[in-house]
Structure formats: C-alpha cells, structure tokens
Amino acid sequence: MYDKYQPVIGLEVHVELKTKSKIFCTCPVAFGCEPNTNVCPVCGGLPGSLPVLNKEVVNMAIKLGLAVNCQIAEYTDFYRKNYFYPDLPSNYQITQGDDPICAKGYLEVDTDGVKTKVGITRIHMEEDAGKLVHSGDTISTSQYAMADFNRTGTPLLEIVSEPDIRSAAEARAYLEQLKAIVEYLDISDCKMEEGSLRCDANISVMPKGSDVYGTRVEVKNLNSFKAVQKAIEYEIYRQMCALEDGTPLTQETRTWDDGKGVTLSMRSKESAQDYRYFPDPNLPPVYVSREWVDGIKASLPELPKERKARLIELGLPEYDAKIITSSKAMADYFDACYDKFNEAKAISNWMMGDLSAALNNAGQDFKNSPVTPDMLVELLKFIADDTISGKIAKTVFEEAFQTGKAPGDIVKEKGLVQIKDTGAIGEMVDQVIAANPQSVADFKAGKKQAIGFLVGQVMKLSQGKANPGMVNKLLQEKLSE
Ligand code: ADP
Ligand code: MG
Ligand code: ZN
C-alpha cells in the first residue's frame, strides 16, 4: 500500500513570543500567574478600549522572516477573525489578512542526511486567546470550565508551510529545525509542553505520480515532536486504508489522542467565510521601511546553519556539528568549553556521549547541567595531560554529575591520579605474571591475544589507575625476557 500513495503534508506552527508586554496592551506576558491577574480593558475585550501595536512584535517577526529567507512586506495590516468561544473576550481574534509581515520563504531541511527545501508560505502576527480550564478528566465528561484571560493578547507568530513535506520524519525534522532557529533568535521559549510552540499538521495522500493533491485533514493537539510524527504516520495510514476501501475522505479537523495513538474527528473544516474576516478599523496599517529591515538584518545572531559551518571549521565532523547545533543550549555549552580548551572532537565526544546520557537520565538539559563547561574542561585537561585515564575519567564524571564537585577535588580526594611510575607498574606486572602461569605460557607459545587478559589483570590490580600504555609495554618487555 505504501508504494502506491504519496503523502503530502503542510504544517502550521504557532510560537508565543517572549516580549515583555502583550501585543496590543501593556499587560505583562507571563506564564503561571494567578488566573486573570494580567488583564486590562484592551485584552479583556471591553468596548471602547483601543489596541496599540507593540513594535517589538514586528521586530521579532522580521527577525524570523529574515532567518527563513522570507520577503518582508513594505505594507502590512491587521484583520479581525470573528468567532464565538468563551476564551475570546472580544469575540474576534486580531490576526493578519492577505498582507502578512513575511511571505515566500523557505527552510532547508535535513532529514537523516537527506536535504530538502520546504517552502514557507507566510508568517503573520496575531494575538493568542485565553485558556479554558475544564473540570474532570476529559473535555467530553467535564461539568464546567473556567476561563483564564492571562494569555489573551500574548503575541504569536504563525508560520505556514507550503504542502512540500512528504513524510512524517521530514515534518518532524522541519519542526525541529524551525524551533532551533526560533531559539537562536531568542524570541520564544519554544516549549511544546507549555504551549509556547504549537503545531497543527495538514495531511493528505494521493496516488504516486499524481499532481492533484488529495483531500486534506488538519490534526490538532500535537504536544510533542513525537506526537507530531506519530499522528502524521497514523493519519497517512488511515487515509491510505480509506482510499483502498473506496471510503470517501472528508476535509475535517481531527484531534490526536496520544494515549490511544489515533486521530479522532472533531468537526468538519470551517471555511474562511465562516470567520467574516475584515480589516481591524482600530489599527492603522504598518509601513515597514527598508532601513528598519536592514537594521534588523545587521543585528541577526549566528543561526544554526552558520554555527554548524563554524564548528566544522573547528574540526568537528558534520554529524557532530549537526547534533550540537540542533539546540542552542547545546551549541552554547560547546562554545563555552571550546573557549577554554581547543579540542573540538574531545568536547563533542563527551557532550554527545556521557553528558547527553546523564542529562537525559536526570531529565535535565545543557542549560542547567550539573557538570558545567568549566568542569568538563577540567576533566578533559586531566585526560589530555595523562593525569587520569579515560576510564577513570568516566567515574570522575559520574561523581561530578551527581555531586556537583569539581573534577580536581574528586581526583585528589579519591587518589585517582594515574600511576606512571615504571617501578610501581613493574611490580604489579611481576605479580600478575606470577599469578597467571597459564596465560604467560599461552603467550609464549604464540597466542599473542593472551596479553590482553594480562593487561586487564594489571589494570584491575591498580584499580584502573595504571597507565595502560605503560602496562602494555612493560608486559611485552618482561614476557619476552
Ligand atoms: P487554513 O487556513 O484553512 O488552514 P491554508 O490554505 O492556510 O488553510 O493551509 C493550511 C496548511 O495546509 C498549509 O500549511 C498548507 O501547506 C497545507 N495544505 C494545503 N493543502 C494541502 C493538502 N492537500 N495536503 C496537505 N496539506 C495541505
Ligand atoms: Mg489551518
Ligand atoms: Zn491587557
């Protein structure tokens, strides 16, 4: 079945901007406050109140537009999207119409090494709605709901992609790479669990070779990257089965049930006419001068693509550079280490190996890693100058991660400094030779691999502290005497 059909996917992504105040009033943008404490007549939708556009929202929109190769509009304006829902005090959402702030961009996406270009139709500014908190476990069994308008009027950017995505994995890669760019620009917290990054997926399938897209379904309630990928995979499968059975597909909005791993029908798709869009008479249009855009262009920070190229210049393989630059926190951690220790590959090995694993286990990330860049560098320097072996370093790392102690203190306290004294190692080698006559005989009879066992015994005797190179050399010498 999979070889008969071609999936077609387009994503609509919302990011909540971390401006100080809301998009059209001076209420603070904050997460987790007492309900309804950050509300004023404007975001509360009281008649007679007038919205005033927050310039910082436009700045951030232009930043993102430039980062994803968009054209920045010279003229842009605001529209009202009218609908009734208890989380929307004014009964309309202020959004943009046919002249969004950014359009016609693209993102270069790398899906497991396969590179594609996904078109970005538009990026527009809009306000967020409030939040309904439902009683009970599920929305359908809920007795009542309470409205919290703190979020109302939080600035959002909506990034709409072209239907250029062809697989669930590519959709996930697109979203991850878009998120990285937003993080690098430092314009949003990008937390999918907290809703500051949200994604709706539009999915259809068509017979392979066709150039007519199938009927699309929009899937909502995707709260993690994994959910995005799984929901799309499920929906592709469901639609292919329907086509195979001859069941007609309808254009509808579905919701992802993460527990059951299925999408469920919510409503048939509303058309644009249902929203009675019209220009907001309270907001003047915005004319964006080229000087304004050029000023922002000149101040853009280093983005993932450039950062990756720089790390490759420093000597990292492309694979390492890609992983390290995929999150800003990780890339910043790398730079902080490299500032003090110019061994790019040694740093990336530890970051991608032991450190990533430990952070994962502890449910933490690079931003607040218990092993700071300074501590990792201290450890790497001990390895580089042979103060400790790579194996001991792993133990020191574990302890540093658990306790937050400096690697130097751990090495001192536990007496872990590597033994490089020929006399001391020689004694241990003699002991091991005496205790293992069979292996010694094997070695002398030509079984060269027997030496591995003997090296291991000496290392064990030294509690991992002997310099392995010296152990090997001394053993060779003594065995061929
Ligand atoms: P709406 O505003 O009603 O959601 P849009 O025209 O803005 O509609 O499209 C929304 C998204 O749907 C875009 O990301 C677009 O790429 C995607 N899309 C449009 N047609 C299809 C299709 N046939 N299959 C999959 N995705 C589609
Ligand atoms: Mg839509
Ligand atoms: Zn307000």
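Atom set for the values below is all heavy atoms of this structure, side chains included, hydrogens, waters and symmetry mates excluded. All ligand and atom numbering here is 1-based and tracks the order in the structure.
Between Arg307 and Asp332 a salt bridge is recorded (basic side-chain N to carboxylate O distance below 4.0 Å). Classification of Glu235 and Arg238 as a salt-bridged pair holds, one side-chain N sitting under 4.0 Å from a carboxylate O. By the 4.0 Å N-to-carboxylate-O rule, Glu108 lies too far from Lys115 to be salt-bridged with it. In this structure, Asp3 does not pair ionically with Lys208, as no charged nitrogen and carboxylate oxygen lie closer than 4.0 Å. Between Lys4 and Glu244 a salt bridge is recorded (basic side-chain N to carboxylate O distance below 4.0 Å). Ionic pairing of Glu194 and Lys18 is not present here: no N-O contact between side-chain nitrogen and carboxylate oxygen is shorter than 4.0 angstrom.
Contacts between Val160 and ligand 1, counted as non-hydrogen atom pairs separated by less than 4.0 Å, involve the side chain only. Using a 4.0 Å cut-off between heavy atoms, Asp164 makes no contact with ligand 1 at all.
Close approach to Leu11 involves these atoms of ligand 1, each under 4.0 Å from a residue heavy atom: 14 (O). Heavy-atom contacts of Gly214 reach the following atoms of ligand 1: 23 (N) (cutoff under 4.0 Å). Short contacts between ligand 1 and Glu218, defined as distances under 4.0 Å to a heavy atom of the residue, involve ligand atoms 4 (O). Short contacts between ligand 1 and Ser161, defined as distances under 4.0 Å to a heavy atom of the residue, involve ligand atoms 13 (C), 14 (O), 15 (C), 16 (O). Numbered from 1 in the order shown, with element, the atoms of ligand 1 that lie under 4.0 Å from a heavy atom of Val8 read 24 (N), 25 (C).
Residue Ser204 holds the heavy atom nearest to atom 24 (N) of ligand 1 of all those in Pro163, Ser204, Ala201. Nearest to atom 10 (C) of ligand 1 by heavy atom, out of Glu162, Arg216, Glu158, is Arg216.
Between Tyr213 and ligand 1, a contact under 3.5 Å exists for no N or O pair. Looking at Ile203 next to ligand 1, no N or O pair under 3.5 Å apart turns up.
Listed for the Ser49 side chain is a donor-acceptor partner under 3.5 Å among the backbone atoms of Pro41. A distance-only check finds no donor-acceptor pair linking the side chain of Arg122 to the backbone of Val160 [under 3.5 Å].
Listed by chain and residue number, the protein N/O/S atoms under 2.8 Å of the Zn ion (ligand 3) are Cys25 SG, Cys27 SG, Cys40 SG, Cys43 SG, with waters left out.
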**Report entry** Verdict with supporting geometry, Glu126 and His14, side chain to side chain donor-acceptor pair (under 3.5 Å)
**Finding:** CA-CA 10 Å; Glu126 61 187 26; His14 286 89; 3.0 Å; yes
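The number of heavy-atom neighbours closer than 6.0 Å to CE of Met266, taken from other residues, nucleotides and ligands shown, is above 12.
Ligand 1 is never approached by Met206 to a heavy-atom distance shorter than 4.0 Å.
Judged by a 6.0 Å distance limit and a 45° cone about the ring axis, Lys117 is positioned over the six-membered ring of Tyr106.
For Ala169, the side-chain contact (heavy atoms from CB on, under 4.5 Å) test picks out Thr111, Ser167, Gln229, with sequence neighbours left out.
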